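Read through the structure below, which is laid out as structure tokens, and then see the notes.
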Amino acid sequence: MSWYRQHPRVLPWKSTKDPYIIWLSEIILQQTRVAQGTPYFLAFTKAFPSVHDLANAPQDEVMRLWEGLGYYSRARNLHTAAKYISRELDGVFPDTYQTILKLKGVGPYTAAAIASFAYDLPHAVVDGNVYRVLSRYFGIETPIDTSTGKKTFAELADQILDREDPASYNQAIMNFGSMQCVPKNPDCGKCPLQSACRAFEMQKVTQLPIKSKKIKRKDRYFYFLLCFNEAGEIAINRRGAGDIWQGLYQFPLFELEQAMNLEDIVETLKLPKELEVLSISKTYKQILTHQTIYARFIEVEQKQKSPEILSSDAVWKLPSALVDIAFPKVVNRFIEDRFDAAGYSPGLF
DNA sequence: AAATCGGGGAG
DNA sequence: CTCCCAGATTT
């Protein structure tokens, strides 16, 4: 905390005790760097000053504001919890750790953060920064991504929590982890904890914390159908549950097990005769945590009316309206290339 | 307990 | 490329 007083960090959500604002910031910052999340925080607080504003917003509007931030279940759960607080709790934010924990999308970390920052309750946060600081300082080699590890670090964090000022303490240890005890090449020479740091003593700083699991990524090949009708509108649909990007929109999608050339694609997809293939885009690559997406966009034109050729849930939008709809990043990259550079008429690459 | 869910920035 | 980020939920 002494170090923290000398290394303050001005952040837009630190100047309030409003639990709604704090909750909003914490959800946005889950697995997200401060620099990446800050613009989203500003956009959300401007669009939805109160929990009622958020609760009463259409889902598509919430998703649109979240567009590009990733982990979209956060946005859906945020909206669900806002409606719960607004309608079931009369807009009164829950004020105990256990009741905060009941909110959709709020786990142990976020409940502790809200409880301490908004209500000064003695609950220790354990985020990626805290795992790193504690594992190094105490020289703990228990993997942090196991149930045993989570329990160990949660108990330790609770033991060393400053119960007189849990809000400042939580803020301090997270800041210390993000600024001094950084993941790579920490400058231990200017660390105030060096003399008591077990990892420094054992020369294991770079090895801690330990993670046991390694992620494996699988390749997926997406072929989106860019289908115009006679009015110059494009078919889109909303992605459902059970896969990535739930709640976002896309062009009608055909997925293949492996990459194919244009002729084989047309053959394999068995496109209806009413559709004439105009062109196919380059491959857009998007790396996610557990998969790599290779996306191509096949531009087709409807030669005659055939409403049911695409999925029945398709809706038609003018290209100029796409900017107000939430798409995955890889789709937006194509949209920018296709419509901002080449214009809005079909077939013109 | 393990798998899954995005996107970006640092090294 | 790999790793990690103010983690949570589902399987």
Side-chain angles (χ1 to χ4, degrees), chain A residues 9 11-14 22-41 63 66-78 80-81 100-117 123-133 143-151 153-154 157 167 169-179 181-186 206-218 220 239 241-248 285-293 326-333:
Chain A
R9 197 174 178 185
L11 298 169
W13 47 87
K14 301 314 298 184
I22 293 170
W23 167 59
L24 203 46
S25 73
E26 292 300 343
I27 300 297
I28 288 173
L29 290 171
Q30 286 170 4
Q31 290 292 285
T32 303
R33 294 174 183 281
V34 167
Q36 187 187 4
T38 298
Y40 288 84
F41 171 80
M63 299 309 292
W66 201 273
E67 181 185 38
L69 193 57
Y71 284 162
Y72 296 93
S73 63
R74 290 184 292 169
R76 300 194 305 271
N77 291 333
L78 184 79
T80 299
I100 295 169
L101 191 58
K102 284 182 165 51
L103 299 175
K104 283 290 185 193
V106 172
Y109 163 78
T110 305
I114 298 172
S116 62
F117 295 147
H123 294 274
V125 296
V126 184
D127 72 335
N129 295 306
V130 176
Y131 278 123
R132 191 167 54 254
V133 173
I144 62 173
D145 56 350
T146 61
S147 52
T148 305
K150 288 183 173 70
K151 189 166 180 289
F153 283 96
Y169 170 83
N170 280 336
Q171 189 57 49
I173 191 169
M174 286 195 289
N175 263 23
F176 185 77
S178 68
M179 297 170 67
C181 196
V182 294
K184 292 178 181 177
N185 306 319
T206 57
Q207 303 170 36
L208 295 173
I210 292 175
K211 289 187 178 179
S212 62
K213 305 181 182 74
K214 35 193 168 287
I215 61 143
K216 45 181 179 283
R217 220 173 251 134
K218 89 172 199 179
R220 298 178 71 180
R239 291 181 62 83
D243 201 354
I244 56 174
W245 300 330
Q246 181 186 341
L248 298 193
K285 182 181 178 183
Q286 175 77 33
I287 300 174
L288 308 180
T289 303
H290 290 91
Q291 45 194 295
T292 301
I293 307 296
F327 291 103
K329 205 71 179 178
V330 69
V331 176
N332 264 331
R333 282 199 283 137

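So that the names make sense, note that chain A is the first sequence line, chain B the second, and so on, each numbered from 1. Hydrogens, waters and symmetry mates play no part in the numbers below; they use all other heavy atoms, side chains included. Since this is a predicted model, take the numbers as computed values, not measurements.
Within the structure, a side-chain polar atom (N or O) of A/Tyr72 is placed less than 4.0 Å from OP1 or OP2 of B/dG7. The phosphate of B/dG8 (OP1 or OP2) has a side-chain N or O of A/Lys329 nearer than 4.0 angstrom.
Here B/dG6 is the nucleotide among B/dG6, C/dA6, C/dC3 with the atom lying nearest to any side-chain atom of A/Trp245.
Rounded to the nearest Å, the gap between the P atom of C/dT11 and that of B/dG6 is 14 Å.
Counting to the nearest Å, the P atom of C/dC3 and the CD1 atom of A/Ile287 are 13 Å from each other. Separating the OH atom of A/Tyr131 from the C1' atom of C/dC5 is a distance of 14 Å, rounded to the nearest angstrom. Nucleotide C/dA6 holds its C1' atom 14 Å from the CG atom of A/Leu24, rounded to whole Å. One can place CD1 of A/Ile144 at 14 Å from P of C/dA8, the figure rounded to the nearest angstrom.
With hydrogens and angles left out, the side chain of A/Tyr109 and the base of C/dG7 share no donor-acceptor pair within 3.5 Å. For B/dC5, its base never sits under 3.5 Å from the side chain of A/Arg74 at any donor and acceptor pair. Counting distance only, with no hydrogens placed and no angle test, the side-chain atoms of A/Thr289 and the base atoms of B/dG6 include a donor-acceptor pair under 3.5 Å.
Side chain of A/Arg217 to main chain of A/Thr292: no donor-acceptor pair is present (N/O by atom type, distance under 3.5 Å, no hydrogens or angles).
Using a 4.5 Å heavy-atom cutoff, the side chains of A/Trp23 and A/Val106 are in contact.
Around the NZ atom of A/Lys213, the shell of radius 6.0 Å holds more than 12 heavy atoms that belong to other residues, nucleotides or ligands. Residue A/Lys151 qualifies as open at atom NZ: its count of foreign heavy atoms under 6.0 Å is 12 or below.
Between A/Gly68 and A/His290, the residue anchored nearer the 5' end of DNA chain B, judged by the nucleotide with its closest heavy atom, is A/His290.
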